[in-house]
Amino acid sequence: MTSTAPLRRRLGALFLACLAAPSLALAQAPYPSKPIRLVVPFAAGGAVDTVGRVVGERLSTQMGQPVIVDNRPGANANIGTENVARSAPDGYSLLVAANGVVTNNTLYPKLSFNGLRDFVAVARLGYAPLVLVVPASAPYKTVPELLAAARAKPGDMSYGSAGNGSSGHLAGALLASVGKFDALHVAYKGGSPALVDLIAGRTSFMLLNPLEVLPHIQSGRLRALAVSGAQRAPMLPNVPTMAEAGLPNFDASVWWTLLAPAGTAPEVVAKLNAETRKALADAGTREKLARSAPSSRPRARRRPRRFSRANRPSGSR
């Protein structure tokens with residue numbers, strides 16, 4: 001009788017090869033081969049959301065795959081940030097991050113992720129000064145008038161922000177410190193809902209980037225008192241800097257960056273970096289961003305650790 005063992009072995013080997021074929025084909029598929037999820041850890045309508053949607057739209061066109069914006073607000077971006085940190089490092093889950101990604105571990109020491117260790121930087125998306133704004137109905141029209149009113153009634157003023165530890169929160173705390181007054185901080189799940197209350201006069205002031213406030217300034221619903229940074233903002237040429245308004249020690253800004261989970265293949269990160277730089281250099285993309293004035297000059301990626309010191313709040317716990 002002829003043994004069937006060799007035949008069984010050959011059939012088994014053929015079966016295993018068939019099983020492996022789809023995996024090999026998938027591994028060799030060019031990136032990207034399916035939709036990319038772009039997580040924005042803030043509510044829709046804010047600056048981070050706007051930057052993410054503008055850049056994501058262009059990336060989708062360039063890369064031939066849908067780039068789907070996934071808003072996951074809450075806990076000063078920690079909910080959305082953790083979601084990406086725990087995602088597969090395959091290039092299909094990305095994070096649009098702001099300053100908080102390097103400060104939140106200081107402010108929230110019990111986080112289950114680390115903003116520096118658990119991500120790799122893909123590209124910087126832009127940065128902007130902050131604008132000090134008050135409701136149009138507010139009686140003060142200059143920074144000295146705002147400070148005088150705040151000092152006259154300690155604790156009577158309040159300011160909103162996109163959340164505890166956000167750039168608006170820390171900038172507001174810095175303003176209260178250098179301006180020598182007390183103010184109540186009100187945390188929201190993003191800059192957009194905070195703006196609604198500010199316009200309605202339910203809070204006293206906010207510090208936000210031009211992306212969020214310029215339309216409301218132009219419409220007359222908000223009044224700009226000053227901008228941070230060494231120079232006046234081109235889109236607000238008649239608004240003084242904080243130094244010109246009498247606070248030379250005030251300096252704050254916001255930036256946005258694109259991150260991928262740590263462990264993402266270097267070639268995938270390089271591909272995303274090149275495509276993002278190309279998107280930011282696109283005239284249409286630059287025009288859309290320039291309407292609300294962030295600087296979006298492309299820059300090679302660098303590890304978050306390198307810019308953490310510049311954005312770490314002094315005296316934070």
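Under the 3.5 Å distance criterion, the side-chain polar atoms of Thr276 are matched with a main-chain donor or acceptor of Leu272. In this structure a side-chain-to-backbone donor-acceptor pair under 3.5 Å is missing from Ser60 to Gly56. Of the possible polar contacts, none joining the Ser167 side chain to the Val254 backbone as a donor-acceptor pair under 3.5 Å is found. At least one donor-acceptor pair closer than 3.5 Å links the side chain of Arg232 to the backbone N or O of Pro237. Listed for the Asn273 side chain is a donor-acceptor partner under 3.5 Å among the backbone atoms of Val122. Judged by distance alone, the side chain of Ser253 and the main-chain N or O of Pro129 form no donor-acceptor pair under 3.5 Å. Remark: the backbone N or O of Glu57 is paired with a side-chain donor or acceptor of Thr61 at under 3.5 angstrom. Arg124 contributes no side-chain N or O that, together with a main-chain N or O of Trp255, makes up a donor-acceptor pair within less than 3.5 Å. A donor-acceptor pair under 3.5 Å links the side-chain atoms of Tyr92 to the main chain of Ser33, judged by distance alone. Between the side chain of Ser177 and the main chain of Ala173, no donor-acceptor pair closer than 3.5 Å is present.
At a threshold of 4.5 Å between non-hydrogen side-chain atoms, the residues Val186 and Tyr159 do not count as touching. For the pair Val39 and Asp70, the minimum side-chain heavy-atom distance is below 4.5 Å. Side-chain contact between Ile217 and Val133 is present, with heavy atoms from C-beta onward closer than 4.5 Å. Counting only heavy atoms from C-beta outward, the side chains of Val227 and Leu132 never approach each other to under 4.5 Å. Counting heavy atoms from C-beta on, the side chains of Leu247 and Leu147 come closer than 4.5 Å. For the pair Leu208/Leu130, no side-chain contact is recorded, criterion being any heavy-atom separation below 4.5 Å from C-beta on. Put simply, the side chain of Leu259 does not reach to within 4.5 Å of the side chain of Leu94, judged on heavy atoms. Within the 4.5 Å cutoff, the side chain of Tyr31 has heavy atoms near those of the Met63 side chain.
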Verdict with supporting geometry, Leu207 and Leu175, side chain to side chain contact (heavy atoms under 4.5 Å, CB included): CA-CA 9 Å; Leu207 284 134; Leu175 178 63; 4.1 Å; yes

Worked check of side chain to side chain contact (heavy atoms under 4.5 Å, CB included) between Tyr127 and Asn209: CA-CA 9 Å; Tyr127 66 93; Asn209 63 78; over 6 Å; no

Verdict with reasoning, Ser192 to Glu212, per side chain to side chain contact (heavy atoms under 4.5 Å, CB included): CA-CA 8 Å; Ser192 185; Glu212 293 171 295; 5.9 Å; no

Check against side chain to side chain contact (heavy atoms under 4.5 Å, CB included), Leu59 and Ile36: CA-CA 10 Å; Leu59 287 176; Ile36 297 172; over 6 Å; no

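In the hydrophobic clustering of ILVMFWY residues, with side-chain heavy atoms under 4.5 Å counting as a link, Met235 and Met206 come out together. In the hydrophobic cluster analysis, where Ile, Leu, Val, Met, Phe, Trp and Tyr join through side-chain heavy atoms closer than 4.5 angstrom, Ile79 is grouped apart from Val69.
Donor-acceptor pairing under 3.5 Å is lacking for the side chains of Asn76 and Asn164. With no hydrogens or angles considered, no side-chain donor-acceptor pair links Thr203 and Ser158 at under 3.5 Å. Side-chain atoms of Ser87 and Arg37 form a donor-acceptor pair, as typed in the model, at a separation below 3.5 Å. A donor-acceptor contact closer than 3.5 angstrom is absent between the side chains of Asn105 and Arg117. Side-chain polar atoms of Thr241 and Gln231 form no donor-acceptor pair below 3.5 angstrom.
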Check residues 193-201 and write down every donor-acceptor pair under 3.5 Å in which the side-chain atom is one partner and the other belongs to a residue at least two apart or another chain.
| residue | atom | partner | partner atom | Å |
| --- | --- | --- | --- | --- |
| Asp197 | OD1 | Arg202 | NE | 2.8 |
| Asp197 | OD1 | Arg202 | NH2 | 2.9 |
| Asp197 | OD2 | Tyr188 | OH | 2.6 |

May I have the list of side-chain donor-acceptor pairs in residues 135-145 shorter than 3.5 Å, sequence neighbours left out?
| residue | atom | partner | partner atom | Å |
| --- | --- | --- | --- | --- |
| Thr142 | OG1 | Glu145 | N | 3.2 |
| Glu145 | OE1 | Lys141 | N | 2.6 |

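Using a 4.0 Å cut-off between charged nitrogen and carboxylate oxygen, Asp49 and Arg53 count as a salt-bridge pair.
When all heavy atoms of Arg151 and Pro154 are compared, the pair lying nearest together is O-CD, 3.6 Å. Ala43 and Pro73 make their closest contact through N-CB, 3.5 Å (heavy atoms, listed as atom of the first residue, atom of the second, distance). Minimum interatomic distance between Thr264 and Gly91 (heavy atoms only, all atoms of both residues): CG2-N, 4.2 Å.
At least one test fails for Lys189 against the ring of Phe42: distance under 6.0 Å to the centre or angle within 45° of the axis.
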